[in-house]
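Taking it in order: structure first as structure tokens, then the write-up.
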Amino acid sequence: MKHFLSIQDFSLDDIIENILKLAFVAVTDAREQRCREPLYLASRNAKVTLLFREPSTRTLSSYREAAELLGFRVQEISGVEATSFMKKESFADGVRTLAEEGANILVIRDRFEGAPRFAAEVLDRMGYSIPVHNAGDGANRHPTQAILNALTILRKLGRLHDFTVGFLGDLRYSRTIHSDLDMLKLLMQKHGDIRLKAVSAPEAALLPSQKMGLAIEESDSLEILRDCHVVMATRIQEERYPDKNEAKKVMGRFMITRQVLDSMMDPDVIIMHPLPRGLEIAPEISEDQRVVMWEQMGYGVPARMALLRLSYTGRNEAYAPLSIPESELTTLDEEGVESRLAKREAKYGADVDRYFRPIRERGMVIDHLPVGAGDRVKHLLRDFAGLRGDEGCIHLLEGMKVKKGTPEEHRKDALVLEGQYIGKEFYGIITFMVPDVTFNVIREGTFTKCKSAMPERLPAGIFLCPNEVCITNNDPEARARFAVHSDGQFVSCYYCNRIFSREEILKKF
Ligand code: NCD
């Protein structure tokens with residue numbers, strides 16, 4: 001293992017066999033090693049750099065403790081106020097600086113979602129063998145917390161299956177819960193006996209797109225926690241709410257008090273919390289033995305020892321950047337240009353001239369674009385596909401009748417590309433923008449009509465991510481790319497993981 005950026009990057013075997021097994025052993029190491037010489041797993045001068053541009057108590061200090069027990073030197077940069085980020089230095093440049101100054105592992109906590117993944121890409125591209133860990137990125141993910149949470153469940157219940165988890169608090173903006181769900185999803189693919197429940201108010205509930213296809217029984221009453229073996233509570237993440245009043249509505253709405261704990265909950269329940277707590281767990285039960293959040297917090301050290309160790313050993317592993325598969329084309333029709341044009345002329349009359357005369361020898365028509373979409377596709381081709389501009393080389397035919405005699409409102413746009421073709425990846429991108437599009441290509445005397453499959457991914461740098469706190473909107477070198485879902489109806493951002501509809505993406509284009 002090199003980078004540790006998200007649970008989603010790993011298989012269940014990776015997590016259990018490699019990470020959790022090592023973390024389990026490190027529980028003893030972490031206790032005993034405090035009274036001994038460091039383990040010096042790394043060379044004596046190896047350095048862990050902690051770059052924390054968001055507040056932290058536990059994650060920061062447990063990383064420091066874990067790194068020191070392993071024998072690393074630790075460099076800590078916490079709080080942006082004291083850094084050149086205040087002088088508007090870009091995140092990428094800050095990361096490059098720490099790399100050049102000798103970081104051997106870079107641990108990043110950031111307000112901008114996807115920042116650690118972007119940092120890993122920058123360093124890999126530049127040839128550094130520096131693993132990057134995500135210590136929490138905005139409301140996106142907090143994968144090391146999910147490891148220590150799983151370690152807690154394993155230590156307290158003795159198993160990672162056959163249990164019911166109840167979530168309580170802010171499911172929408174808690175990165176810890178998002179990573180817990182990643183972990184539970186992996187476990188549930190293997191074990192059918194894990195059940196998920198959630199008590200939450202509408203303002204803090206998971207959005208449908210955040211459920212990752214998991215069945216979660218939801219309620220606005222604490223009653224739902226009655227038969228849970230594990231309760232995972234989290235603070236309302238007030239600072240992440242676009243409208244703070246929404247956060248205020250839910251704060252303190254559900255609280256586990258002495259009365260709730262004694263009268264409603266399973267006597268052997270374990271109540272977990274990543275801390276800091278808000279009003280989810282009443283102070284009066286802080287020291288109840290079912291409230292295991294202190295012990296849970298302590299597992300942060302062995303969990304991070306295991307992760308640092310694995311990353312340091314795997315630091316030279318190859319980087320496999322996400323590749324963009326070429327769009328697959330389906331040929332609908334193919335014949336000689338002259339006979340094709342003659343047929344079309346008979347069918348559609350003189351209008352055919354506007355389409356095909358300019359490209360009788362070479363070129364293409366991008367057809368069946370809804371009225372208005374032609375302009376957008378033209379913009380794509382001019383600005384991104386390197387096609388020559390307006391000077392007679394791209395003709396936009398706007399609002400043409402689809403067929404002779406069809407109703408007035410039944411119109412379309414088409415783009416005629418004179419003497420030029422688009423690159424293969426653009427077939428997919430245009431199909432994402434306009435799923436009904438067809439491509440008519442004339443080349444060497446042959447007319448080919450084809451359609452492209454919906455692409456699996458959208459390449460970097462074309463569409464913007466609508467999420468304001470995505471790193472791609474906060475570093476001039478970070479460019480959004482997306483995975484495409486549900487036949488092009490939705491996409492998810494590769495960096496911040498948020499899901500958007502096609503319309504949301506096109507609105508920003
Ligand atoms: C959490 C975090 O920073 O996401 N704390 C932690 O790392 N243990 C939880 C929170 O801020 O509510």
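Note that ligands are numbered from 1 as they come in the structure, with each ligand's atoms numbered from 1 the same way.
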Thr176 near ligand 1, heavy-atom distance under 4.0 Å?
-> yes

Hey, is Met297 one of the residues with a heavy atom under 4.0 angstrom from ligand 1?
-> no

Residue, atom and distance of the protein heavy atom nearest atom 8 (N) of ligand 1 read Pro274 O, 2.9 Å

Determine the interplanar angle of the Tyr495 and Phe118 rings, folded into 0 to 90°, and report it as parallel if under 30°, tilted if 30 to 60°, perpendicular if over 60°.
-> perpendicular

Which of parallel (below 30°), tilted (30 to 60°) and perpendicular (above 60°) describes Tyr312 and Phe72?
-> perpendicular

Taking salt bridge (charged side-chain N to carboxylate O under 4.0 Å, His left out) as the test, write out the residues that go with Arg479, two or more places apart.
-> none

Charged N to carboxylate O under 4.0 angstrom, Glu217 versus Lys197?
-> yes

Glu68: what forms a salt bridge (charged side-chain N to carboxylate O under 4.0 Å, His left out) with it, not counting sequence neighbours?
-> Arg64

Considering only protein heavy atoms, which is closest to atom 4 (O) of ligand 1, and at what distance to one decimal place?
-> Arg175 NE, 2.7 Å

Quick one: nearest non-hydrogen protein atom to atom 1 (C) of ligand 1, plus distance?
-> Leu275 O, 3.7 Å

Nearest neighbour in protein (non-hydrogen) for atom 7 (O) of ligand 1 | His142 NE2, 2.7 Å

Single hit among Glu246, Glu113, Glu54 for salt bridge (charged side-chain N to carboxylate O under 4.0 Å, His left out) with Arg240 = Glu54

Proximal atoms of ligand 1 relative to Arg109 (non-hydrogen, under 4.0 Å) | 2 (C), 3 (O), 7 (O)

Look at atom 11 (O) of ligand 1 and say which protein heavy atom is nearest, naming residue and atom and giving the distance to 0.1 Å.
-> Arg235 NH2, 2.9 Å

